[in-house]
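Here the structure comes first, spelled out in structure tokens, and everything after it is commentary.
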Amino acid sequence: MNKSDITLVIITGNSLRHYYFAKQLINNFNVLGVILEEKRKIPGSISIEEQKVINLHIMERKAKEVEYFPKDEEVGIDKNQLVEVGYGETNAPFVKNMITSLSPDYVIIYGCSIIEDEILNCFESRVINMHLGLSPYYRGAATNFWPLVNCEPECVGVTVHLATLNVDAGKILGQNRPEISEEDGPHDIGCKAIIAGTKLMIKCIRGYKEKTILPEPQKTGGRLYKNKDFEATYVEQMYKNFKDGMIEKYLNNLSERIKPF
């Protein structure tokens, strides 16, 4: 498909998965600028043993990202179009000024801090978020992690929606689930969700612009998780669920499992 004239500014993180996301959009749209936000630091008040569990989990995720996104070490945009910021700085005045000066059709966000009203008000109904998780069932942070902790792989997926001040509550443009196989571990599933979500985002941007995809209000409810909820004990529980055959049980009863969601 030819590159679209639709103009974008992307706000995302600075890991391989975020580079992959940005590069795919750059390949499909006229991207005027990319803001890369530094990752959130792990809280320093946890024990050494808890730190080991979390570090191993993160190392395994990074290894899988290298496997799934091996050529995405860079974003693929001119350096004068790229801005790197610290964690939480996506709402800084200079970021807002940069975006407004570029005047894109849409601001696309994935994997960054919550966007505040300074930007949302300037681009009303034009800030589109890729949320990893099926809204409204899982909202907030690590929303493809918690379904695996709670033995609900049917709630792993991606939601593309309009961003609002209420976390992951904006009108939905599209949703999708990754294709999971019995051999998949948590990070295989996570990477597959990112790939499926990125394809969905490209489709939704085009469809929203052409008005062939119309935003649909979200249902209320669901579970809200925050960064502070992430603990080593839940990481251990997730891996135990995989060892206990969670994915096999899910796939063996797939149609019934996904019906409520």
Side-chain angles (χ1 to χ4, degrees), residues 13 15 17-18 21 39-40 42 50 53-54 56-58 60-65 68 109-112 114 129-161 163 166-170 172-201 216 218-261:
S15 297
R17 59 189 180 276
H18 304 114
F21 174 79
K39 287 166 44 178
R40 179 182 71 96
I42 298 172
E50 290 173 320
V53 171
I54 292 174
L56 180 60
H57 172 70
I58 292 172
E60 290 179 356
R61 183 179 69 189
K62 286 182 177 179
K64 279 296 177 182
E65 287 188 11
Y68 279 86
I109 60 176
Y110 159 53
C112 61
I114 295 171
N129 181 39
M130 187 175 91
H131 165 69
L132 294 183
L134 294 183
S135 295
Y137 310 112
Y138 282 83
R139 298 180 295 115
T143 41
N144 275 341
F145 166 77
W146 292 106
L148 301 177
V149 174
N150 297 331
C151 285
E152 289 184 330
E154 55 267 40
C155 289
V156 171
V158 64
T159 302
V160 174
H161 67 90
N166 293 328
V167 178
D168 301 326
I172 292 176
L173 298 175
Q175 291 186 306
N176 203 357
R177 289 185 177 91
E179 291 188 13
I180 298 175
S181 66
E182 193 173 324
E183 298 77 21
D184 285 343
H187 303 302
D188 295 288
I189 294 172
C191 290
K192 286 181 175 183
I194 291 162
I195 293 169
T198 303
K199 291 177 181 178
L200 179 64
M201 174 62 86
E216 296 186 7
Q218 286 197 40
K219 298 176 183 178
T220 57
R223 305 180 186 186
L224 174 63
Y225 289 94
K226 299 183 179 181
N227 287 325
K228 66 181 182 180
D229 297 322
F230 184 80
E231 297 177 1
T233 183
Y234 296 117
V235 175
E236 292 173 322
Q237 180 61 54
M238 181 193 68
Y239 283 103
K240 181 179 183 301
N241 292 342
F242 274 85
K243 288 180 181 178
D244 291 344
M246 172 179 64
I247 299 302
E248 181 182 2
K249 293 170 188 174
Y250 164 63
L251 293 175
N252 286 341
N253 198 24
L254 184 61
S255 60
E256 290 301 314
R257 292 284 293 267
I258 65 176
K259 271 184 184 179
F261 306 98

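When a residue number appears, it is its place in the shown sequence, counting from 1.
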Please round to the nearest 0.5 Å and tell me the distance separating atom CG of L148 and atom CD of Q237. 11.5 Å
Please round to the nearest 0.5 Å and tell me the distance separating atom CD1 of I54 and atom CD of E236. 9.5 Å
Do R17 and R61 touch side chain to side chain, with heavy atoms closer than 4.5 Å? yes
Restricting to pairs with a member in residues 243-253, which pass salt bridge (Lys or Arg N to Asp or Glu O under 4.0 Å), not counting sequence neighbours? K240-D244
Measure from the ring center of W146 to the ring center of Y234 and say whether it is less than 6.0 Å. yes
Could you check whether atom CD of E179 has more than 12 heavy atoms from other residues, nucleotides or ligands sitting under 6.0 Å from it? no
Distance only, no hydrogens: is a donor on one side chain within 3.5 Å (strictly under) of an acceptor on the other, for E152 and Y137? no
Which heavy-atom pair separates L134 from G157 by the least distance, and what is that distance? CD2-CA, 3.9 Å
Could you tell me the separation between the NZ atom of K192 and the CD1 atom of I180, rounded to the nearest 0.5 Å? 8.0 Å
Does S181 offer a backbone N or O that forms a donor-acceptor pair with the side chain of D184 under 3.5 Å? yes
Can a donor-acceptor pair be found, under 3.5 Å and without considering hydrogens, that links the side chain of R177 to the backbone of E154? yes
CD of E216: more than 12 outside heavy atoms within 6.0 angstrom? no
Y138 versus N144, side-chain donor and acceptor atoms under 3.5 Å: no
Does the side chain to side chain contact (heavy atoms under 4.5 Å, CB included) test come out yes or no for E50 and E231, once each step is laid out? CA-CA 8 Å; E50 290 173 320; E231 297 177 1; 5.7 Å; no
State which residue, out of L200, T159, T198, fulfils the side-chain contact (heavy atoms from CB on, under 4.5 Å) condition with M130. T198
Point-to-point distance, once rounded to the nearest 0.5 Å, from CG of N129 to CD1 of I114: 10.0 Å
Closest heavy-atom pair, R139 versus P136, reported as atoms and distance to 0.1 Å, is CG-O, 3.7 Å
Rounded to the nearest 0.5 Å, how far apart are CD of E182 and CD1 of I247? 9.0 Å
Close side-chain approach of K64 to D188, heavy-atom, < 4.5 Å: yes
Can a side-chain donor-acceptor contact be found between Y239 and H57 if the only test is distance below 3.5 angstrom? yes
Over all atoms of both residues, closest heavy-atom pair of G197 and V158: CA-CG1, 3.5 Å
Could you check whether any side-chain heavy atom of Y110 comes within less than 4.5 Å of a side-chain heavy atom of M201, counting everything from C-beta outward? no
Taking 4.0 angstrom as the limit, do E65 and K62 come out as a salt bridge? no
As an exercise, state the distance from NE2 of H187 to CD1 of I194, rounded to the nearest 0.5 Å. 11.0 Å
For D229 and K226, which heavy atoms make the closest approach, and how far apart are they? OD2-N, 2.7 Å
Heavy-atom closest contact (A193 atom, P178 atom, distance): N-CB, 3.7 Å
Looking at every heavy atom in both Q218 and S135, which two are closest together, and how far apart are they? OE1-CB, 3.2 Å
Check: P147 main-chain N/O paired with N150 side-chain donor or acceptor under 3.5 Å: no
